[in-house]
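I have placed the structure first, in the form of structure tokens, so that the comments after it can refer back to it.
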Protein chains: 2
Amino acid sequence: MTYSISDLEQLSGIHSHTIRIWEQRYKALSPMRSQGNTRLYDDRQLRKLLNIVSLTKSGFKISKICSLSDEGIDKLFDQQFSYSSDDEQADYYISQLISYGLAFDECSFNDLIDQGIYKLGLSDCYRKIIYPLLVRLGLMWRKDDICPAHEHFLCNIIRQKIFTHINNLQLTGHSGEKWLLFLPEDEDHDIGLLFASYMLRMHHHQVIFLGSKVPLDSIKRVLSTVKVSHVLFFMIKSRLASTAQKIIDQLSEICSSTKIHLAGNSEVIGKLNRIDHINWFKTLGEFEKTIQYPVLHERNF
Amino acid sequence: MTYSISDLEQLSGIHSHTIRIWEQRYKALSPMRSQGNTRLYDDRQLRKLLNIVSLTKSGFKISKICSLSDEGIDKLFDQQFSYSSDDEQADYYISQLISYGLAFDECSFNDLIDQGIYKLGLSDCYRKIIYPLLVRLGLMWRKDDICPAHEHFLCNIIRQKIFTHINNLQLTGHSGEKWLLFLPEDEDHDIGLLFASYMLRMHHHQVIFLGSKVPLDSIKRVLSTVKVSHVLFFMIKSRLASTAQKIIDQLSEICSSTKIHLAGNSEVIGKLNRIDHINWFKTLGEFEKTIQYPVLHERNF
DNA sequence: TTTTTTGTTTAAATATATTTAATAAAATTT
DNA sequence: AAATTTTATTAAATATATTTAAACAAAAAA
């Protein structure tokens, strides 16, 4: 599997021009070449680029970063983005879960995650264990400690858990608020969205869950079929500001009479324009506060 | 959303040259053009191409098909690929489920599918209702009766059901056979694979479920970590024979000491070369027979 | 401020993909 | 077997993407 320079542009959010000049000036990447001299990158190079970008965003200068050896960059990245958190118990769970994942040991993973959910409830388990686990998986891929198969394996067990909990919810009545949940066409990671679906249902909201890879056009058709109060979507991947902006503008036009909510990568969302009408959930807490309110309101009647 | 001619080539399995000559000779498609005269296709054109291809495979001549009006082609396609089956009760379920899906009425869909699973068991419900429902959804998209949002909505509820049933399996011991399940990078539809996972677990096989979009490289890493007896994957999409062959050859090299099983689109799989060492499940029945055998064998001890 | 570092813009050359058109090969029909 | 229909191959022209290189502009550091 190889990437073109425009693939890297999309995946890293760094213009191809800049990728080239980093190569020329600082030897940042050393891509293979096609027969006709076109740059070809592999996963290792993509990882390196993503790590370099993260370090620049942490304030390191590109010249300084690239003066280091590959190992030096990895070490600096390790330093800046380490696995440990402040919650010891959660860290234990996470490390243990990942070590089961690395061995593709579904039974043990399953037992331990069930235990976590049983002790904390799904909501707190997600906040304290599952979400940090997903973040760590992303980091581990970037440090080449895991491969995509590990991620797929773990994510599908987690999906299984959240789907099961959604399925087992015994809902009586609802708030009258209807939420439409989806991810745009270039997004893959639907676990956060799935958890949002669970939380909304917990709080007696109706949910239309579309999952990932939904063409924006078909959102229009949903809105013309059903009365929807809220649209929620995520932008998790790094992308070019222009790509992200295009999605926002197009969706805003479609959802002129529906409240839009957005969560995800603050690097990307922070750079967006014309989002005054959009509600940005910067934390999980903000989301929970928003969805709880209407229920309290209902209780007051 | 627009497609290039090479996108259409990948999605339909028809060479771009042929798509052009069909346009020139028979006015098969009439794509928009970019500023610089490059063909641009939309969903409507893609649908039409797919329908034309299906009709040619049914024995109609391209010249005859294209001599018809758009409506004529739709009508002929309707005739050849109609929704009805021979099982009246299943047809009732399917129509009803789809009508709930069209209205995004999750509650009703949920109740009815639960009822179907309760009456038939998940296995028979899948065979008689869910699988034909998925086939009909595909047809409906090609007839422009539904949009991607409908499909996403329904598929996620179905996913929820199968995941829940997998989660609720109480497994005691296992056969010793370990199966690795995945879809290659260009495949999306993981419901069949998920059902296969359920069936295998039912029959006390161990499963490593990776889901869709797994790079072949990382399959190698799984096989070097864990002892796997069987690898199962699907090829459902239409593609160029050469694209499909490449996947097969690459996987065969990786899985030199593991039995490979394959299921999916017989149009595509039928054209493959060098698959003597691969087991092709042509029907669901064949799959069930294969996975039952080792269990019977075990009982004989 | 001045210098250095960094990222963007521009331009011309080249590579790759697409278009058009003509021809060869294969498959079907007569 | 011959004629017809259909698909594959080839070649030259054009469109689009990528490469290289230089000049420019903005930001940060001295």
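These numbers come from a predicted model, not from an experiment. Every chain is numbered from 1, with letters handed out A, B, ... down the list of sequences.
- Phosphate contact (OP1/OP2 of dT18(D), side-chain N/O of R39(A), threshold under 4.0 Å): absent.
- For S63(A), a side-chain nitrogen or oxygen approaches OP1 or OP2 of dT6(C) to under 4.0 Å.
- Residues R47(B) and D144(B) are paired through a salt bridge, judged by an N-O separation under 4.0 Å between the basic side chain and the carboxylate.
- The base of dT18(C) is not paired with the side chain of R33(B) by any donor and acceptor separated by under 3.5 Å.
- If you take CD1 of I62(B) and C1' of dA26(C), they are 17 Å apart, rounded to a whole angstrom.
- As rounded to whole Å, 11 Å separates atom C1' of dT18(D) from atom CD of E9(A).
- What separates CD1 of I21(A) from C1' of dA25(D) is a distance of 13 Å, to the nearest Å.
- Listed nucleotides: dT16(D), dT5(D), dT8(C). Nearest to the side chain of K61(B): dT5(D).
- Listed pair W22(B) / dT6(D) fails the phosphate criterion, with no side-chain N or O lying under 4.0 Å from OP1 or OP2.
- Side chains of D78(A) and Y83(A): a donor-acceptor N/O pair is absent below 3.5 angstrom, by distance only.
- Atom NE2 of H15(A) is separated from atom P of dT6(C) by 19 Å (rounded to the nearest Å).
- Dashed line: the shortest gap from a side-chain N or O of Y26(A) to OP1 or OP2 of dT6(C) is under 4.0 Å.
- Taking the six-membered ring where tryptophan is involved, the planes of H261(A) and F281(A) are essentially parallel, since the angle between them stays under 30° and well short of 60°.
- In terms of phosphate contacts, N37(B) brings a side-chain nitrogen or oxygen within less than 4.0 Å of OP1 or OP2 of dT20(C).
- When the side-chain nitrogen and oxygen atoms of S16(A) are compared with OP1 and OP2 of dA17(D), none of them lie within a distance under 4.0 Å.
- Between H17(B) and dT7(D), a side-chain N or O to OP1/OP2 separation shorter than 4.0 Å is absent.
- A sub-4.0 Å separation between OP1 or OP2 of dT20(D) and a side-chain N or O of R20(A) is absent.
- Following rounding to the nearest Å, L55(B) (CG) and dT6(D) (C1') show an atom-to-atom distance of 16 Å.
- Taking the charged nitrogens against the carboxylate oxygens, D188(B) and K213(A) have no contact shorter than 4.0 Å, which rules out a salt bridge.
- Taking side-chain N and O atoms only, S34(A) has no distance below 4.0 Å to OP1 or OP2 of dA15(C).
- The interatomic distance linking D7(B) (CG) with dT18(C) (P) rounds to 8 Å, in whole Å.
- Residue W141(B) comes nearest to I146(B) through the heavy atom pair N-CG1, 3.6 Å, listed as atom of the first residue, atom of the second, then distance.
- Counting to the nearest Å, the C1' atom of dT19(D) and the CD1 atom of I19(A) are 14 Å from each other.
- In this structure, S6(B) reaches the dT18(C) phosphate: one of its side-chain N or O atoms is under 4.0 Å from OP1 or OP2.
- You'll find that the side chain of I5(A) is closest to dT19(D), out of dT8(C), dT19(D), dA21(C).
- Salt bridge annotation for D74(B)-K48(B): absent, with no cationic side-chain nitrogen under 4.0 angstrom from a carboxylate oxygen.
- In this structure, L40(A) atom CG and dA15(C) atom C1' are separated by 12 Å, rounded to whole Å.
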